[in-house]
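One structure is given below, encoded as structure tokens.
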Amino acid sequence: MIIFKTSTHLSRFLEKKSLSGKQIGFVPTMGALHEGHIRLVRQAAAENDLSVCSIFVNPTQFNDPRDFEKYPSTLERDIQLLVPAGCSVLLVPGTGEIYPSGMDKLPSYDLGYLENILEGKYRPGHFQGVCQVVDRLLQIVRPNRLYMGRKDYQQCMVVKKLLQLNGMHTELITCDTVREKDGLAMSSRNQRLDARQRGKAASIFRVLEMIRAKLSEGGLEPLKREGRVALQDEGFRVDYVEICRADDLLPQDAWDGNTPLVALVAAYLGEVRLIDNMQVSF
Ligand code: PAF
């Protein structure tokens with residue numbers, strides 16, 4: 001695995017590979033890697049000639065500065081995990097490489113309603129930050145395929161929109177959420193849970209399963225309320241328990257018995273904010 005710290009060197013290297021017909025798969029990350037990331041890298045390696053991973057904790061997507069400061073960093077360990085996963089190139093840029101003109105006048109993106117619902121509502125500016133960094137990384141890497149995890153369901157939809165906006169021909173490939181044995185979705189933030197919180201964290205998965213099991217035609221509010229109350233009883237501070245159309249993420253009040261739906265949860269245990277989702281009808 002070759003490690004690059006500068007974007008120009010990486011771009012030059014990858015351009016040569018592209019010109020010689022090599023396919024490039026790209027997995028952007030913020031490090032503190034877990035099996036969820038590693039599966040994306042393995043898939044990128046299996047489906048492309050080169051698999052490129054980036055590790056950059058992007059300041060512009062954090063609406064809470066404490067969350068940014070506390071974001072775990074485990075670079076040595078990440079490198080040890082990436083090599084056997086088949087990662088060929090790793091980019092570990094400094095902030096100046098990603099935002100060479102500073103962070104004051106970054107582009108903004110017309111994401112429509114996606115920007116203001118769910119994560120967008122509770123984390124204002126978050127998806128603009130995600131688009132700023134992903135757009136820049138795509139310009140640097142110019143991949144044929146981009147791999148992202150469906151644990152960040154809304155982020156996948158936002159990035160799909162970004163690809164339409166910037167007219168790039170990169171194919172977005174979304175991959176299943178990887179879970180711990182008790183159902184907790186793997187996330188770098190799980191490292192910040194203490195033992196007691198970790199014991200409770202899988203309640204989010206159980207609430208999603210409960211919604212899937214009880215889903216029936218008609219009003220959805222009672223199900224959302226039941227999920228919210230179950231989490232509050234376990235000591236979570238709940239941002240939302242929502243049920244949305246799976247294809248466009250519009251929140252739904254009722255179900256017609258046919259439309260594919262996804263249930264989504266965001267909730268805090270102490271200072272740690274966890275998100276998860278599950279398709280509850282197909
Ligand atoms: O999902 C993440 O880890 C980040 O939002 C991403 C896509 C790497 C952009 O910083």
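Only this structure's heavy atoms are used, side chains among them; waters, hydrogens and symmetry mates stay out. In each ligand, atom 1 is the first atom listed, and ligand 1 is the first ligand listed.
- Between Y71 and F62, the two ring planes are perpendicular [angle over 60°; tilted spans 30° to 60°].
- More than 12 heavy atoms of other residues, nucleotides or ligands sit less than 6.0 Å from atom NZ of K200.
- Residues S51 and Y147 bring no donor and acceptor atom of their side chains to less than 3.5 Å of each other.
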Report every pair formed by an N or O atom of ligand 1 and a protein N or O atom separated by less than 3.5 Å, giving atom names and the distance to 0.1 Å.
residue	atom	partner	partner atom	Å
ligand 1	1 (O)	Q155	NE2	2.8
ligand 1	5 (O)	Q61	NE2	2.9
ligand 1	5 (O)	Q155	OE1	2.7
ligand 1	10 (O)	Q61	OE1	2.6

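- Taking E234 as the reference, nothing meets the salt bridge (charged side-chain N to carboxylate O under 4.0 Å, His left out) condition, with sequence neighbours excluded.
- Side-chain N/O atoms of Y240 and E119 include a donor and acceptor closer than 3.5 Å.
- Applying the 6.0 Å contact sphere to CZ of R77 captures no more than 12 heavy atoms from other residues, nucleotides or ligands.
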